[in-house]
2 protein chains.
Amino acid sequence: MTKDDLNTEQKILEAAKSVFIVKGLEGARMQEIADEAGINKALLHYYYRTKDKLFEAVFREAFYKLVPNIVELLKTDMPLFDKIRHFVKTYIDIFFENPFIPGFVLHELSRNPQRIVNLISNIGIEPKVFADQINEEVRLGKIKPIDPYQLIVNMLAMCIFPFAATPIIKNIIFKSDEKSFHQFMLERKDEVPEFIINSIKNE
Amino acid sequence: MTKDDLNTEQKILEAAKSVFIVKGLEGARMQEIADEAGINKALLHYYYRTKDKLFEAVFREAFYKLVPNIVELLKTDMPLFDKIRHFVKTYIDIFFENPFIPGFVLHELSRNPQRIVNLISNIGIEPKVFADQINEEVRLGKIKPIDPYQLIVNMLAMCIFPFAATPIIKNIIFKSDEKSFHQFMLERKDEVPEFIINSIKNE
DNA sequence: GTCTATATTGTGATAGAC
DNA sequence: GTCTATCACAATATAGAC
């Protein structure tokens, strides 16, 4: 299904995604979105009255990609180590498909933290179930003592950060060599879970 | 030394920092910077001809805070584990002082990756010395086998990410409770180094 | 060096024909 | 629904007096 098969409203949303996610709310231009969608500015306002409304639609989708869905995985009854491996791999795969999402969402959230509250009230993000599982494993002596939220944040950090910091890593470490950078990022799907598990497992 | 003791050029730069770092290049307004500096717009252009020039001055300082200096520490001959502890604590302390720096630099770099090249050509950032030290420790069997660059990126991720993602962490995990969030971030100065060392040390 | 006033351009949004 | 033309205002930048 190519872009021409979409109806106008969908075409606009797709164009808006591609522009907003790279340039941000304030960096994006309605003209550029119109060009990208192959229509004119007036039509943008016909479907989405204002720039802000169009942005909201884009942001919501991006945020859902970054945070929930994947969070569901943390509630299953999979064994802890398997869950960590699965979570990290799935998450990193999402960013391979959408490499600009992390930087986009982080930036727009820090520009307008209130948006988070609005988004989260609809959806129930609840890391407590996963935290409980970690605490239980600690209690049973299966893993080393650790604050579950420290572990969760570390996990998120190692998944998300490299995509938000892509230019700096690519340039400084890999001297702009696209191929070895890509290889490096691929390897993280295995390296990161092992790094985490090594840190918490008891001998 | 209060703000009034600074000369005009310094006052402008301080004002520009405080505005650009929170709002970004495209979100910042020259009027707001002028107000913050206690002068008018015309004077901004007298000292720094354009918004872009003023931004460059701010960005350079912020980037230097995020990346070098601290990198020097990685070249000393301190033992590896001490070095990791020292690096993480110092780095996190910098962000406690400048919590908006991570998000600002990451965003502006991804908006304009070329800037990195310009900045780095002046300064020599060389992670290889630290990578060599890690490789040597692996060879001696003192730590588990690991790609040094994976380790470095993990370390940076765990230091930088929580500051770039502050609103999301604060809201979702700590339900906007400022105090327990702050405590959590403080604890990372000890938790993160131990997390890393636990992962790589050989029994 | 510093100000007020103004020029100039960019950009979101609307009117109105088809 | 879609277009062209245009409005209205915001924002960077400059001119020129003091």
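In what follows, chains carry the letters A, B, and so on, assigned in the order in which the sequence lines appear, proteins first and then strands, with residues in each chain numbered from 1.
Residues that satisfy the side chain to side chain donor-acceptor pair (under 3.5 Å) test with B:Lys83, not counting sequence neighbours, are B:Gln133. Listed by chain and number, the residues in a ring-ring contact (aromatic ring centres under 6.0 Å, His included) with B:Tyr47 amount to none (sequence neighbours excluded). The ring-ring contact (aromatic ring centres under 6.0 Å, His included) search around A:Phe163 returns A:Phe95, A:Phe96, not counting sequence neighbours. Scored by the side chain to side chain contact (heavy atoms under 4.5 Å, CB included) test, B:Asp82 finds B:Met78, B:Pro79, B:Arg85 as partners (sequence neighbours excluded). Under the ring-ring contact (aromatic ring centres under 6.0 Å, His included) criterion, A:Phe20 pairs with A:Phe55, not counting sequence neighbours. Residues that satisfy the ring-ring contact (aromatic ring centres under 6.0 Å, His included) test with B:Tyr64, not counting sequence neighbours, are absent from this structure.
When side chains are defined from C-beta on, B:Lys128 counts as touching B:Tyr149, because their heavy atoms get closer than 4.5 Å.
Less than 4.0 Å separates DNA chain C from at least one heavy atom of each of the following residues of residues 42-53 of chain A: A:Ala42, A:His45, A:Arg49, A:Thr50, A:Lys51. Within residues 16-32 of chain B, the residues that place at least one heavy atom under 4.0 Å from DNA chain D are, in residue-number order, B:Ala28, B:Arg29, B:Met30.
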Would you give me the side-chain donor-acceptor pairs under 3.5 Å for residues 109-117 of chain A, sequence neighbours excluded?
{"residue": "A:Ser110", "atom": "OG", "partner": "A:His107", "partner atom": "O", "Å": "3.1"}
{"residue": "A:Arg111", "atom": "NE", "partner": "A:Glu26", "partner atom": "OE2", "Å": "3.0"}
{"residue": "A:Arg111", "atom": "NH2", "partner": "A:Glu26", "partner atom": "OE2", "Å": "2.4"}
{"residue": "A:Asn112", "atom": "OD1", "partner": "A:Gln114", "partner atom": "N", "Å": "3.4"}
{"residue": "A:Arg115", "atom": "NH2", "partner": "A:Glu108", "partner atom": "O", "Å": "3.2"}

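The stretch residues 150-175 of chain B participates, sequence neighbours left out, in these side chain to side chain donor-acceptor pair (under 3.5 Å) pairs: A:Arg188-B:Gln150, A:Arg188-B:Asn154, B:Lys170-B:Glu178, B:Asn171-B:Ser176. The ring pair (Phe, Tyr, Trp, His ring centres under 6.0 Å) contacts involving residues 118-137 of chain B comprise nothing, where partners must be two or more places apart or lie in separate chains.
Distance CD1 (B:Ile33) to C1' (D:dA11): 12 Å, rounded to an integer number of Å.
With a heavy-atom cut-off of 4.0 Å to chain B, the contacted part of DNA chain C has its first and last nucleotide at C:dG1 to C:dT4.
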